[in-house]
Engineer: 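Have a look at the structure that comes next, please.
Below, chain A is the first sequence line, B the second, and so on; all start at residue 1.
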2 protein chains.
Amino acid sequence: MITADTSVREQIVSTADRLFYKQGYNLTGINQIIEEAGVAKASLYYHFPSKEDLCVAYLKRRYERWLAMLTKFLEGITDPKERIIKCFECRSEYLLDNDFSGCSYIRIIAEMPQRSAKINKQAILNKEKQRQFFIDEVKKLRRIPGNSVNDFANAIFLLFDGATVQCQVYRELSPIDNALKALKILF
Amino acid sequence: MITADTSVREQIVSTADRLFYKQGYNLTGINQIIEEAGVAKASLYYHFPSKEDLCVAYLKRRYERWLAMLTKFLEGITDPKERIIKCFECRSEYLLDNDFSGCSYIRIIAEMPQRSAKINKQAILNKEKQRQFFIDEVKKLRRIPGNSVNDFANAIFLLFDGATVQCQVYRELSPIDNALKALKILF
DNA sequence: AAATAATCAGACAAACTTGTCTGACTATTT
DNA sequence: AAATAGTCAGACAAGTTTGTCTGATTATTT
């Protein structure tokens, strides 16, 4: 009996996840993945018809990891404004834990101008889930700056992505601080 | 007598510029560059010791192009608030003209987690010049939201980068509109 | 017990990667 | 006129890439 998290499939995805995110998709070869995962090449291609499909699994996994981390961060916090701020603080920790590798969805699109339909779809789906989080929180606010839920949520989402990519570029967390200061001006 | 813009060196850089930005750095081979530039491989390596050095030239060129475009956009406009807004509109046109390829500095760092020192330095230099533009404009404002020049300029810069990457992801200009709406709330 | 699903190791294909080198030729400068 | 700088075409090295295929072995399910 083999448990889910030691299965060959899981080994492959978790190794691909680590390597794609750390080294980039294009610079990570199938051979490296199977070697570090300790599985046969045929096993990888048994589970994933192509590298592209493995990439989709990687993106799904990244979102799940982010959601789990955020959920834990927000535990017990009900105030929407505080929850939004905590989301940025969660980003700080995420980037620190992950060597300032930025947002995997943005990165995968930056790396693939050919625009694989499957990968594109998953990346955008993940981004939309992030946007929805902010919309949901903004809806709970008593007073909404600008008087439009979507406009204000989108403003926060822009700060969030802006801070994420700038942290990646500068390899430091100051852009998150800048974003928090921007939030203070906005609220 | 050979003019500067038809020289072999210029041919190489302009071709590399086009291909790096469109296809991505890692997916563009030296062989494709020399073929499309119509030059010999030895000529490329005569001017640029390595692909890395060519990349630095590419980043410099991208900044110059952006600056030229922005300067033209701002011609005759003196009001700092208006100049900031125009900068976002310039970004719209830039992205539309360039197939939504995003910011070349951010992208190159997203593509190269190995962090080539030369490339990293140039990318950050370019980003700092962009930040300085916003700082200079904010300084001219009569009333500064939040009462700190740097904080407000950084907020705008975050919106700028956030909008740029989101436009790249979604392949549409709505994030720029969102950023302009965010600016309205901020001001 | 038989059939199927999952896994293994690794060879192979066909293409691509950056960079070096040869050797010749032309243009420019001293 | 001689020396240097620039350019050419292309072979070559040593490595990489994704994906296919062989053939065998083990696990699971029917």
Engineer: Using whole Å, what does the distance between atom P of nucleotide D:dT17 and atom CD1 of A:Ile34 come to?
Structural biologist: 11 Å

Engineer: Taking the minimum atom-to-atom distance to the side chain of B:His47, which one of D:dT7, C:dT7, C:dA9 wins?
Structural biologist: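 Among the listed nucleotides, the one closest to the side chain of B:His47 is D:dT7.
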
Engineer: Rounded to the Å, how far apart are A:Leu44 CG and C:dA9 P?
Structural biologist: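 Result: 13 Å.
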
Engineer: Are B:Gln130 and B:Lys127 linked by a side-chain donor-acceptor pair shorter than 3.5 Å?
Structural biologist: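 Short answer, yes.
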
Engineer: Inspect the contact between A:Glu75 and A:Lys72 and indicate whether a charged nitrogen and a carboxylate oxygen are less than 4.0 angstrom apart.
Structural biologist: no

Engineer: How would nucleotides 14-19 of chain C be written as a contact map, 5' to 3', with B for base contact, S for sugar-phosphate-only contact and - for no contact, using protein heavy atoms under 4.0 Å?
Structural biologist: ---SBB

Engineer: Could you point out which residue of B:Asn154, B:Val149, B:Ile156 forms a side chain to side chain contact (heavy atoms under 4.5 Å, CB included) with B:Phe152?
Structural biologist: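 Only one of B:Asn154, B:Val149, B:Ile156 forms a side chain to side chain contact (heavy atoms under 4.5 Å, CB included) with B:Phe152, namely B:Ile156.
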
Engineer: Give a yes or no answer on whether the side chain of B:Asn26 reaches the backbone of B:Glu111 with a donor-acceptor pair at less than 3.5 Å.
Structural biologist: yes

Engineer: Give the table of side-chain donor-acceptor pairs shorter than 3.5 Å for residues 180-187 of chain B, with sequence neighbours excluded, one pair per line with atom names and distance.
Structural biologist:
none

Engineer: Could you check A:Tyr94, A:Phe134, A:Phe133 and say which one makes a ring-ring contact (aromatic ring centres under 6.0 Å, His included) with A:Phe160?
Structural biologist: A:Phe134

Engineer: Figure out the CG/C1' separation between A:Leu19 and D:dT18, and round it to whole Å.
Structural biologist: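 Spelled out: CG on A:Leu19 to C1' on D:dT18 is 16 Å.
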
Engineer: Using heavy-atom distances to pick each residue's nearest nucleotide on DNA chain D, tell me which of A:Ala42 and B:Ala42 is more 5'.
Structural biologist: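 Closest to the 5' end, via its nearest nucleotide, is B:Ala42.
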
